[in-house]
There are 2 protein chains.
Amino acid sequence: MDNQDIRKAGLKVTLPRVKILELLENSTQRHVSAEDVYKMLIDKDEEIGLATVYRVLTQFEAAGLVTRQNFEGGYAVFELDRGGHHDHLVCVVCGKVEEFVDTTIEKRQREIANEHGFEMVDHSLIIYGHCGNPKCHVG
Amino acid sequence: MDNQDIRKAGLKVTLPRVKILELLENSTQRHVSAEDVYKMLIDKDEEIGLATVYRVLTQFEAAGLVTRQNFEGGYAVFELDRGGHHDHLVCVVCGKVEEFVDTTIEKRQREIANEHGFEMVDHSLIIYGHCGNPKCHVG
DNA sequence: AATGGTGATGAGAATCTTTTTCATTACAAG
DNA sequence: CTTGTAATGAAAAAGATTCTCATCACCATT
């Protein structure tokens with residue numbers, strides 16, 4: 001029950017929040033910008049303001065329902081936290097995004113933080129490259 | 001000779017470019033935003049426009065002299081590429097940045113990219129946490 | 001079911017970062 | 001020195017995100 005997730009976050013169960021959560025769950029794209037969410041809602045004839053989309057996504061992030069990533073290009077993308085954490089591989093040509101999890105890296109990160117006197121709370125790992133598509137390989 | 005670096009990048013050796021490169025070399029802060037660079041130049045009575053700062057930093061990035069990182073907060077920071085590549089540890093409370101290199105992670109990243117059919121060209125790893133400073137530890 | 005308090009929303013303005021435009025200026029080759 | 005072309009500065013524009021504030025909707029209580 002999604003509405004419970006919203007409630008658990010200390011937020012009222014309102015139409016915008018329900019619709020945005022639904023959209024994130026049903027979206028084919030995992031990584032959406034606030035603008036994407038806004039446009040998708042418009043397409044579904046949901047009259048939800050862009051400011052509300054930003055507010056709700058930020059609240060969902062604070063509640064741990066959603067993760068925000070700062071991509072190249074200077075904007076953020078959001079994705080639903082489906083339990084499993086993962087990192088990203090991004091094609092620098094076509095923008096295709098793939099996800100991965102690697103326990104070796106996950107473990108080393110925590111160790112590195114400790115070695116530097118830090119207590120890790122989060123991390124962001126994005127690998128940029130050329131994907132398999134021949135069109136994405138430079139001469 | 002720094003001016004050679006500028007020349008090698010196919011750029012004219014102009015006062016703004018020389019001053020910005022100098023500043024990056026002599027800055028105590030390794031990670032500076034375009035705004036930071038602009039303000040530092042103002043402090044040195046160098047009348048260089050903000051637009052030029054952005055232009056030059058972008059050109060330096062393209063030339064491989066400088067690296068751009070998209071930090072949380074929706075802005076980018078730049079740092080001089082002093083040969084050695086490294087990743088970042090950021091304190092989520094005070095903003096302190098430390099650098100590290102870990103060969104285990106570097107190697108795994110390349111392997112992961114290949115496993116996914118990608119050819120890695122770059123990556124960005126930022127570990128967020130609480131640094132050693134007691135003030136930066138939440139109750 | 002009606003009501004009221006508080007939190008949520010929408011529209012637009014505001015803010016912040018970055019890019020573009022365009023007239024002027026400065027390199028650097030001859 | 002002259003002169004073509006690239007570079008610059010100022011201001012405007014663009015893009016992403018946040019803020020303001022009047023209005024509205026959730027929901028606990030009647």
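Here is the naming used below: chain letters follow the sequence lines, and residue numbers restart at 1 for every chain.
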Separation of [N] [atom2] from [X] [atom1] (nearest whole Å):
X: A:N70; N: D:dG15; atom1: CG; atom2: C1'; answer: 15 Å
X: B:E46; N: D:dG9; atom1: CD; atom2: P; answer: 10 Å
X: A:F71; N: D:dG15; atom1: CZ; atom2: C1'; answer: 18 Å
X: A:Q59; N: D:dT17; atom1: CD; atom2: C1'; answer: 14 Å
X: A:I6; N: D:dC27; atom1: CD1; atom2: C1'; answer: 15 Å
X: B:L50; N: D:dA12; atom1: CG; atom2: P; answer: 15 Å
X: A:D36; N: D:dA16; atom1: CG; atom2: C1'; answer: 13 Å
X: A:K39; N: D:dA16; atom1: NZ; atom2: P; answer: 8 Å

Looking at the rings of B:H123 and A:H88, which for Trp means the six-membered one, are their centres under 6.0 Å apart?
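No; A:H88 has its ring centre 6.0 Å or more from that of B:H123.
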Need one value for [X]: base, sugar-phosphate or nothing, where a base atom within 4.0 Å counts as base even if backbone is also close, heavy atoms only.
X: A:R68; value: nothing
X: A:I48; value: sugar-phosphate
X: A:T52; value: base
X: B:E35; value: nothing

When you measure from the side chain of [X], which nucleotide among [options] comes out closest?
X: B:A34; options: D:dA10, C:dT18, D:dC27; result: C:dT18
X: B:V56; options: D:dA11, C:dA8, D:dT8; result: D:dT8
X: A:T58; options: D:dT18, D:dT20, D:dC26; result: D:dT18
X: A:A76; options: D:dT8, D:dT17, D:dA25; result: D:dT17
X: A:K12; options: D:dT8, C:dA11, D:dA25; result: D:dA25
X: B:P16; options: D:dT8, C:dA28, C:dT9; result: D:dT8

Practice problem: Inspect the surroundings of CZ in B:F71 and state if more than 12 heavy atoms from other residues, nucleotides or ligands are less than 6.0 Å away. | Solution: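 Yes, CZ of B:F71 has more than 12 neighbouring heavy atoms, counting only those of other groups under 6.0 Å.
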Above 12 or not: heavy atoms from other molecules or residues under 6.0 Å from OH of B:Y75?
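Atom OH in B:Y75 is not packed in, count stays at 12 or less.
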Original post:
When you look at B:D36 and B:K39, which way does the salt bridge (charged side-chain N to carboxylate O under 4.0 Å, His left out) test go after all the steps?
Top reply: CA-CA 5 Å; B:D36 291 338; B:K39 284 184 186 148; 5.7 Å; no
inquiry  = Whether the side chain of A:R55 and the base of C:dG7 hold a donor-acceptor pair under 3.5 Å is what I'd like checked.
reply    =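 Answer is no: no donor-acceptor pair is held.
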Answer yes or no: does a side-chain N or O of A:T14 lie under 4.0 Å from OP1 or OP2 of C:dT9?
->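 So the side-chain polar atoms of A:T14 do come within 4.0 Å of the phosphate oxygens OP1 or OP2 of C:dT9, strictly under.
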Would you say D:dT18 has OP1 or OP2 under 4.0 Å from some side-chain N or O of A:Y54?
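No, no such contact exists.
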**Asked** Do side-chain atoms of B:R17 reach the backbone of B:F60 as a donor and acceptor pair under 3.5 angstrom?
**Response**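 Judged by distance alone, no pair lies under 3.5 Å.
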Original post:
Starting at the 5' end of DNA chain D, which residue's closest nucleotide do you reach first, B:Y38 or B:R17?
Top reply: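 Taking each residue's closest nucleotide, the earlier one in sequence belongs to B:R17.
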Task: Distance-only polar pair, side chains of A:H116 and B:E99, donor-acceptor under 3.5 Å - done: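 Side chains of A:H116 and B:E99: no pair found under 3.5 Å.
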First of B:Y75 and B:L15 reached from the 5' end of DNA chain C, by closest nucleotide: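 Of the two residues, B:Y75 wins.
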